[in-house]
A.B. asks: 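Please see the structure below; I have some questions.
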Amino acid sequence: MGKQINYWLKYEEFLQIAQTALDFGCVIIKPDSGKRKYGQTLDIITEDKCRYYFYLPEAGTLMSQQIPFQSEQMIGYNAAGNTVIEAGFSFIYDNKKEITRSRLFVISGYYNETGEYIARPKCLTQTY
C-alpha cells in the first residue's frame, strides 16, 4: 500500500512538478537502458523517457548506499522505496490512439529482514 495520485499530464507540465521536487531538495533519478542517471536540474528530464524517481536524501540513503545507486530494485517495498517518490508524465501513442496514465506514488513502508515494519519517513510524506 502507499499513497498514489493518478493523472494525465504533458511533458511541459511535468517539468513544473519536477522543479518543485528539486526545490524541496530532491535528486531526480532517470532509469535509462538498465542504468540510473542522477540530476539536480531539469535537463535530466527528456521527452523520450516518461518515468522518473525523486530521491529525497533527507529520507535516508538508497539501500545504505550513496548515489550512484545501481541496484535493479529502485522502488519497491524496501529501504530504497522508502526514500523516493515515483513520478512521470503521460506518453501519447499516436498509432494506438492511446494516452498513458501516470502517477505520483510513495510506499507506506516496508518490512526489513528481521520482520520489523519501517514506516515511510515523515519528510517524504511532506514532500509528496
Side-chain angles (χ1 to χ4, degrees):
M1 305 262 326
K3 290 177 140 318
Q4 179 169 296
I5 299 170
N6 296 310
Y7 54 81
W8 288 263
L9 197 64
K10 291 183 180 179
Y11 168 77
E12 294 82 15
E13 287 77 18
F14 176 69
L15 292 176
Q16 295 174 26
I17 291 174
Q19 183 59 58
T20 301
L22 290 170
D23 293 345
F24 278 109
C26 291
V27 175
I28 299 173
I29 302 173
K30 176 183 182 178
D32 191 18
S33 302
K35 295 185 179 182
R36 310 262 187 286
K37 295 182 180 179
Y38 303 87
Q40 292 181 295
T41 60
L42 290 179
D43 61 348
I44 193 167
I45 299 174
T46 57
E47 291 187 65
D48 64 326
K49 298 288 182 190
C50 59
R51 189 178 199 187
Y52 295 85
Y53 299 98
F54 302 146
Y55 163 58
L56 184 63
E58 182 184 348
T61 58
L62 290 169
M63 299 289 281
S64 301
Q65 300 177 32
Q66 296 297 322
I67 56 179
F69 177 72
Q70 295 297 326
S71 172
E72 292 300 313
Q73 196 173 25
M74 169 58 68
I75 194 166
Y77 291 88
N78 55 45
N82 241 15
T83 63
V84 297
I85 300 169
E86 180 187 330
F89 57 91
S90 300
F91 197 79
I92 299 171
Y93 293 98
D94 290 324
N95 58 340
K96 295 181 185 178
K97 298 190 183 324
E98 179 180 290
I99 301 173
T100 63
R101 173 183 53 85
S102 200
R103 67 182 185 167
L104 285 175
F105 176 74
V106 291
I107 66 171
S108 54
Y110 71 99
Y111 289 94
N112 68 13
E113 59 280 346
T114 64
E116 178 186 4
Y117 183 73
I118 310 295
R120 174 183 61 238
K122 289 183 183 182
C123 60
L124 191 65
T125 302
Q126 291 171 336
T127 301
Y128 168 83

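What you see is a predicted model; the values in this text were computed from it and never measured.
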A.B. asks: Indicate yes or no: at least one non-hydrogen side-chain atom of L124 is less than 4.5 angstrom from one of I85.
C.D. replies: yes
A.B. asks: Less than 4.5 Å apart, any side-chain heavy atom of L42 and any of L22?
C.D. replies: yes
A.B. asks: Quick one: list whatever passes side chain to side chain donor-acceptor pair (under 3.5 Å) with Q19, sequence neighbours left out.
C.D. replies: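 Checked Q19 against side chain to side chain donor-acceptor pair (under 3.5 Å); matches are D23.
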A.B. asks: May I have all residue pairs that pass side chain to side chain donor-acceptor pair (under 3.5 Å) and include part of residues 118-128, sequence neighbours excluded?
C.D. replies: R120-T125
A.B. asks: So does A119 get a backbone contact from the side chain of N82, meaning a donor-acceptor N/O pair under 3.5 Å?
C.D. replies: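 Judged by distance alone, yes, a pair lies under 3.5 Å.
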A.B. asks: Side-chain contact test, heavy atoms from C-beta onward, threshold under 4.5 Å: evaluate it for C26 versus Y53 and give yes or no.
C.D. replies: no
A.B. asks: Just to verify, what does T41 make a side chain to side chain donor-acceptor pair (under 3.5 Å) with, not counting sequence neighbours?
C.D. replies: D43
A.B. asks: For the atom pair CG (N6) and CZ (R101), what is the distance rounded to the nearest 0.5 Å?
C.D. replies: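 The distance works out to 4.0 Å.
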A.B. asks: Applying salt bridge (Lys or Arg N to Asp or Glu O under 4.0 Å), name anything that partners K37, two or more places apart in sequence or on another chain.
C.D. replies: D32
A.B. asks: Tracing side-chain links under 4.5 Å among I, L, V, M, F, W and Y, which residues wind up in one group with F24?
C.D. replies: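 ILVMFWY cluster around F24 holds nothing else.
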A.B. asks: Hey, does Y117 have a side-chain heavy atom less than 4.5 Å from the side chain of S108?
C.D. replies: yes
A.B. asks: Mind listing the side-chain donor-acceptor pairs of residues 88-97 below 3.5 Å, one per line with the distance, residues two or more places apart or on another chain?
C.D. replies:
residue: S90; atom: OG; partner: L9; partner atom: N; Å: 2.9
residue: S90; atom: OG; partner: T100; partner atom: O; Å: 2.9

A.B. asks: Checking Y11 side chain against I45 main chain: does a donor-acceptor pair fall under 3.5 Å?
C.D. replies: yes
A.B. asks: Can you find a heavy atom in the side chain of V84 that is under 4.5 Å from one in the side chain of F54?
C.D. replies: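 No, side chains not in contact.
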